[in-house]
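Taking it in order: structure first as structure tokens, then the write-up.
Scope of the values below: all heavy atoms of this structure, side chains included, with no hydrogens, waters or symmetry mates. Just so you know, these numbers come straight off a predicted model, no measurement behind them.
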Amino acid sequence: MVSSPPPAVRCRGLVKRFDDVVAVAGLDLEIARGECFGLLGPNGAGKTTTIEILEGLTEPDEGEVEVLGTKWQGDGRGLRERLGVSLQETQLNEKLTVAETVRLFRSFYREGRDPEQVLAALALDEKRNARVGKLSGGQKQRLAVACALVGDPELLFLDEPTTGLDPQSRLQLWQQVTAFREHGGTVLLTTHYMDEAERLCDRVAIVDHGKVIALGTPAELIRSLHAADVIELLSEPTLAEEELRRLPGVSDIHKRGPNWALAVHSVTESVPPLLAAVEKAGARLTHLSTHRATLEDLFVSLTGRELRDA
């Protein structure tokens with residue numbers, strides 16, 4: 001009987017401290033091969049530290065890490081040849097051209113992809129002779145992803161890969177992630193864009209204060225709100241929380257900045273009595289909006305904090 005391969009990533013009891021700050025606090029993760037796994041949370045939640053540990057860039061204070069069935073203490077050099085890494089900020093030689101940079105990264109691997117094909121896939125072929133220092137922020141971001149892909153990795157780490165990208169470039173990158181997975185690759189993705197996580201990820205883990213506080217498919221996590229829609233409102237004077245909780249169809253209520261956010265079963269069920277309550281209180285609505293429930297709504301419900309931590 002042939003045994004199944006180990007998970008692409010497995011870590012248990014991961015802990016990392018920086019002086020008195022606990023960045024990662026006993027975190028457990030398991031990512032299946034061929035999966036696109038999202039790690040979500042605000043800045044300071046421990047996402048980047050966790051990824052740096054998994055990438056072999058940072059040593060944990062406690063816990064066990066296994067990547068592609070290998071521990072970093074075993075064959076770190078061999079393991080690096082099987083990974084592609086795009087960091088949040090990648091410092092590249094600004095005097096090299098785009099093509100020279102991708103060829104340089106290709107030379108780090110015994111096997112890999114054709115640099116010209118990678119440049120074309122990331123829509124960088126027209127910039128192939130431009131110096132890195134002359135690129136826009138979005139072009140540099142695409143170049144960093146190209147450098148991560150040119151080694152033809154089994155496991156791809158993407159830390160905020162679409163920050164600063166225009167909508168067309170974001171879509172191109174999504175297509176590259178999809179194509180990478182169709183060829184059996186595994187992706188670990190961090191992002192602040194919830195549409196990105198919902199479109200690309202098979203499962204996501206929401207992290208806060210260095211711990212996983214929710215784990216599942218995007219659809220499962222959104223369903224855990226027990227609400228199909230969210231109503232955001234601001235009134236003068238502000239309606240009492242108890243009054244809002246008593247409205248028909250409201251399953252949860254929390255603050256989002258100055259606004260109240262009501263998780264509801266149906267907008268059509270809850271908006272009319274809400275408007276009646278506003279009128280009865282002699283208040284004036286200064287903001288009213290509705291949207292389908294998202295992963296970000298779940299995060300705020302769980303933590304009281306915005307996913308995008310300004």
Side-chain angles (χ1 to χ4, degrees), residues 7-11 27-42 45-47 50-51 54 155-163 165 167 170-209 211-232 248-254 256 261-271 289-309:
V9 173
R10 178 192 286 135
C11 64
L27 187 140
D28 297 337
L29 276 183
E30 188 166 302
I31 301 172
R33 295 193 183 227
E35 184 175 29
C36 182
F37 189 92
L39 205 58
L40 310 180
K47 305 186 308 297
T50 298
I51 284 187
L54 299 178
L155 171 59
L156 183 61
F157 291 93
L158 297 176
D159 196 2
E160 305 287 351
T162 59
T163 299
L165 296 188
R170 285 184 73 204
L171 182 58
Q172 287 171 335
L173 184 58
W174 290 358
Q175 292 169 342
Q176 288 305 304
V177 171
T178 301
F180 177 77
R181 293 190 57 219
E182 287 174 349
H183 287 86
T186 306
V187 180
L188 177 53
L189 169 76
T190 73
T191 180
H192 278 152
Y193 298 113
M194 292 303 95
D195 58 333
E196 189 163 273
E198 291 180 28
R199 175 163 177 169
L200 295 179
C201 296
D202 300 293
R203 292 187 302 144
V204 298
I206 297 178
V207 177
D208 194 27
H209 300 299
K211 294 182 178 181
V212 174
I213 60 173
L215 175 67
T217 69
E220 287 170 347
L221 292 177
I222 292 170
R223 282 198 300 269
S224 71
L225 267 173
H226 303 294
D229 302 291
V230 174
I231 303 170
E232 288 195 36
V250 174
S251 61
D252 190 25
I253 177 172
H254 52 265
R256 294 192 73 164
L262 312 181
V264 301
H265 300 304
S266 166
V267 167
T268 55
E269 177 186 8
S270 300
V271 165
S289 64
T290 65
H291 62 264
R292 300 293 292 177
T294 67
L295 289 172
E296 188 159 0
D297 294 309
L298 174 66
F299 185 87
V300 176
S301 175
L302 291 172
T303 69
R305 302 165 63 197
E306 293 286 337
L307 190 58
R308 295 177 184 85
D309 187 9

If we ignore hydrogens and angles and just use 3.5 Å, is the side chain of [X] paired with the main-chain N or O of [Y] as donor and acceptor?
X      : Y      : result
Thr186 : Ala8   : no
Ser270 : Pro248 : yes
Thr178 : Trp174 : yes
Thr290 : Ile231 : no
His192 : Pro42  : no

How long is the straight-line distance from [atom2] of [Y] back to [atom1] of [X], given to the nearest 0.5 Å?
X      : Y      : atom1 : atom2 : value
Cys201 : Arg203 : SG    : CZ    : 10.5 Å
Thr163 : Asp159 : OG1   : CG    : 8.5 Å
Thr294 : Leu221 : OG1   : CG    : 11.5 Å
Lys47  : Asp208 : NZ    : CG    : 9.5 Å
Glu160 : Leu189 : CD    : CG    : 8.0 Å
Leu298 : Glu220 : CG    : CD    : 12.0 Å

Atom of [X], atom of [Y] and distance for their closest heavy-atom approach:
X      : Y      : result
Pro161 : Leu165 : O-CD1, 3.8 Å
Ser266 : Asp229 : CA-OD2, 3.8 Å
Asp252 : Ser301 : OD2-OG, 2.7 Å
His183 : Ala179 : ND1-O, 2.9 Å
Pro218 : Ala197 : CG-O, 4.1 Å
Val187 : Leu155 : N-CD1, 4.4 Å

Side-chain heavy-atom pair [X], [Y] within 4.5 angstrom cut-off:
X      : Y      : value
His291 : Glu296 : no
Glu35  : Glu30  : no
Leu225 : Asp297 : yes
Leu200 : Tyr193 : no
Leu40  : Met194 : yes
Leu156 : Gln176 : no

*Given Thr190 and Ile51, is the side chain to side chain contact (heavy atoms under 4.5 Å, CB included) satisfied, shown in steps?*
CA-CA 9 Å; Thr190 73; Ile51 284 187; 3.0 Å; yes
*Testing Val177, Leu173, Leu171 for side-chain contact (heavy atoms from CB on, under 4.5 Å) with Thr162, which one passes?*
Leu173
*Candidates Ile206, Thr50, Leu39, Leu29 - the one meeting side-chain contact (heavy atoms from CB on, under 4.5 Å) with Val212*: Leu29
*Residue list, salt bridge (charged side-chain N to carboxylate O under 4.0 Å, His left out) with Arg33, at least two apart or on another chain*: Glu154
_Test of understanding: with salt bridge (charged side-chain N to carboxylate O under 4.0 Å, His left out), list the residues that count as partners of Asp202, not counting sequence neighbours._
Arg181
*Before accepting this row, confirm whether a basic side-chain N of the pair Arg292/Glu198 lies closer than 4.0 Å to the acidic partner's carboxylate O.*
no
*Could I get the full list of side-chain hydrogen bond (donor to acceptor under 3.5 Å, both in side chains) partners for Glu232, not counting sequence neighbours?*
Asn259
